[in-house]
4 protein chains.
Amino acid sequence: MAEISHRKARTIIAKTLAKGREMELKPLSVVVLDSGGHVKAFEREDGAAPGRFDIARAKAYGAIMLGMGGQAQMARAEAQAYFMNAVNGVYDGKVIPVPGGILVQDKRGNTIGAVGVTGDTSDNDAEAGMAGIEAAGLAGQP
Amino acid sequence: MAEISHRKARTIIAKTLAKGREMELKPLSVVVLDSGGHVKAFEREDGAAPGRFDIARAKAYGAIMLGMGGQAQMARAEAQAYFMNAVNGVYDGKVIPVPGGILVQDKRGNTIGAVGVTGDTSDNDAEAGMAGIEAAGLAGQP
Amino acid sequence: MAEISHRKARTIIAKTLAKGREMELKPLSVVVLDSGGHVKAFEREDGAAPGRFDIARAKAYGAIMLGMGGQAQMARAEAQAYFMNAVNGVYDGKVIPVPGGILVQDKRGNTIGAVGVTGDTSDNDAEAGMAGIEAAGLAGQP
Amino acid sequence: MAEISHRKARTIIAKTLAKGREMELKPLSVVVLDSGGHVKAFEREDGAAPGRFDIARAKAYGAIMLGMGGQAQMARAEAQAYFMNAVNGVYDGKVIPVPGGILVQDKRGNTIGAVGVTGDTSDNDAEAGMAGIEAAGLAGQP
């Protein structure tokens with residue numbers, strides 16, 4: 001298994017949204033990217049702002065392109081802000097380095113995609129996304 | 001009803017993909033945009049090329065921004081290619097003027113979103129998308 | 001095997017360049033992209049113009065994003081020029097639809113990357129690239 | 001000698017990767033640019049994140065365009081962050097001002113290209129790159 005499947009992507013989104021409702025979060029938007037950073041599936045709940053696709057994708061895109069989850073990206077941005085600004089230059093401004101971007105790995109530890117969640121606090125976004133990934137039988141690096 | 005709902009978007013995608021399988025089409029990618037041209041939901045079937053999100057969105061985005069379906073856009077492009085090139089200048093190159101981009105309207109004729117389908121021939125893409133829209137109890141302008 | 005390896009990429013480039021010298025072609029530039037369109041390896045021979053990286057990558061990038069080799073892309077561009085112009089809009093102008101862009105597939109027919117060759121005529125570029133791919137024990141779709 | 005050769009570029013990359021393995025670094029990506037900032041050669045090891053080409057090139061590109069290695073660029077960024085942000089404005093965001101970008105000079109002190117290394121810490125990246133440049137009989141300004 002080297003690429004996240006359509007079926008797994010749908011499960012991740014459905015379970016992330018279910019977790020968000022259980023946690024009583026604001027309306028969420030959830031994207032699943034493949035291991036090359038290309039969109040596999042996305043859903044935006046009613047009541048979420050129209051621009052949420054771009055934010056969800058930017059969280060997940062940074063995880064893929066840099067090979068690290070949102071927490072590690074945020075740590076780097078806080079330690080060395082000019083570095084993350086420069087990184088965004090080379091990726092055409094498409095990276096948002098905060099929690100909610102999660103690397104998705106199969107059982108052998110290979111990266112097969114990434115998930116991006118946005119709508120509530122970054123930490124809540126990440127918690128819901130991790131629940132979705134685990135419900136699909138996969139591992140997440142938040 | 002002024003905006004396509006999350007529930008309707010999911011139905012459109014599921015039924016478009018089902019129609020594609022029934023018609024034995026190549027793997028499809030289907031996007032649903034809201035009435036402002038922003039992504040509401042998207043799914044890409046296994047086996048579809050990674051760049052299909054951009055094509056699906058561009059078909060639907062042109063329908064929203066110009067207020068006309070892909071068939072009308074294609075007719076205009078064939079009659080006046082420089083006009084469509086210029087249109088793409090103002091929309092940052094994000095419009096693909098061929099069938100498979102479909103305006104979605106409620107029962108009173110209000111535009112509430114658009115669907116973009118890609119993967120097979122443009123005409124087959126449009127046929128599958130129309131089936132999905134109708135299965136959701138909505139009307140499409142292909 | 002789901003992703004082209006560093007070792008295979010190096011073999012493809014070395015053997016493509018060797019074939020070019022055997023055919024007495026002009027200096028070549030050869031890129032190998034992974035299945036997500038990201039650069040895995042590249043070499044530009046002495047005497048090739050400085051901008052050849054972008055052309056090599058654009059030939060291979062179109063193959064990945066559209067899921068078709070350069071010959072099929074060129075046929076589509078010649079039949080429906082405004083469509084290929086519009087496709088380049090959504091891919092930020094990064095696609096050059098001519099021979100020399102080649103999809104690379106493993107023995108089970110899965111796309112694991114793409115090769116882009118530039119420097120001589122498009123047909124000669126493609127012939128050299130196919131020789132490189134086959135020398136690496138892989139299949140190419142030119 | 002005014003321009004880095006294909007042969008020298010290949011030696012630099014092979015020896016930089018060998019040094020990285022000897023130092024037990026994470027998988028590296030190494031680019032060689034010519035004196036005009038254009039890509040001459042690149043390799044990405046298996047296991048490196050897909051976006052590493054852009055980072056490697058941005059380290060080397062800044063060295064060429066500003067005529068200073070990554071250490072000097074980082075010092076400037078830390079002393080005057082807004083200056084480096086503005087520099088990135090004029091270079092389209094394509095500069096990452098940290099160690100791992102290295103100017104390459106011939107025996108007479110002429111700049112003939114630049115190397116960019118990424119994958120481990122910036123300091124380790126630079127150390128591996130310097131070893132590669134010296135193994136090719138050239139001098140580096142890290």
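Just so we're on the same page: letters track the sequence lines, and every chain starts at 1.
A:Y91 touches chain D through its side chain: at least one heavy atom from C-beta onward sits under 4.5 Å away, while N, CA, C and O do not. Heavy-atom distances place the side chain of D:V98, and not its backbone, under 4.5 Å from chain A.
Considering every non-hydrogen atom in both D:T118 and D:R52, the closest pair reads OG1-NH1, 2.8 Å. Of all heavy-atom pairs spanning A:L28 and A:A128, the tightest one is CD1-CB, 4.1 Å.
Cation-pi check for A:R57 over A:F42 is not met; the charged atom does not lie both under 6.0 angstrom from the ring centroid and within 45 degrees of its normal.
With respect to the salt-bridge test (charged N to carboxylate O, under 4.0 angstrom), the residues D:D54 and D:K59 do not qualify.
In terms of heavy-atom pairs under 4.5 Å with chain A, the best-connected choice from D:A49, D:A58, D:A81, D:S122 is D:A49.
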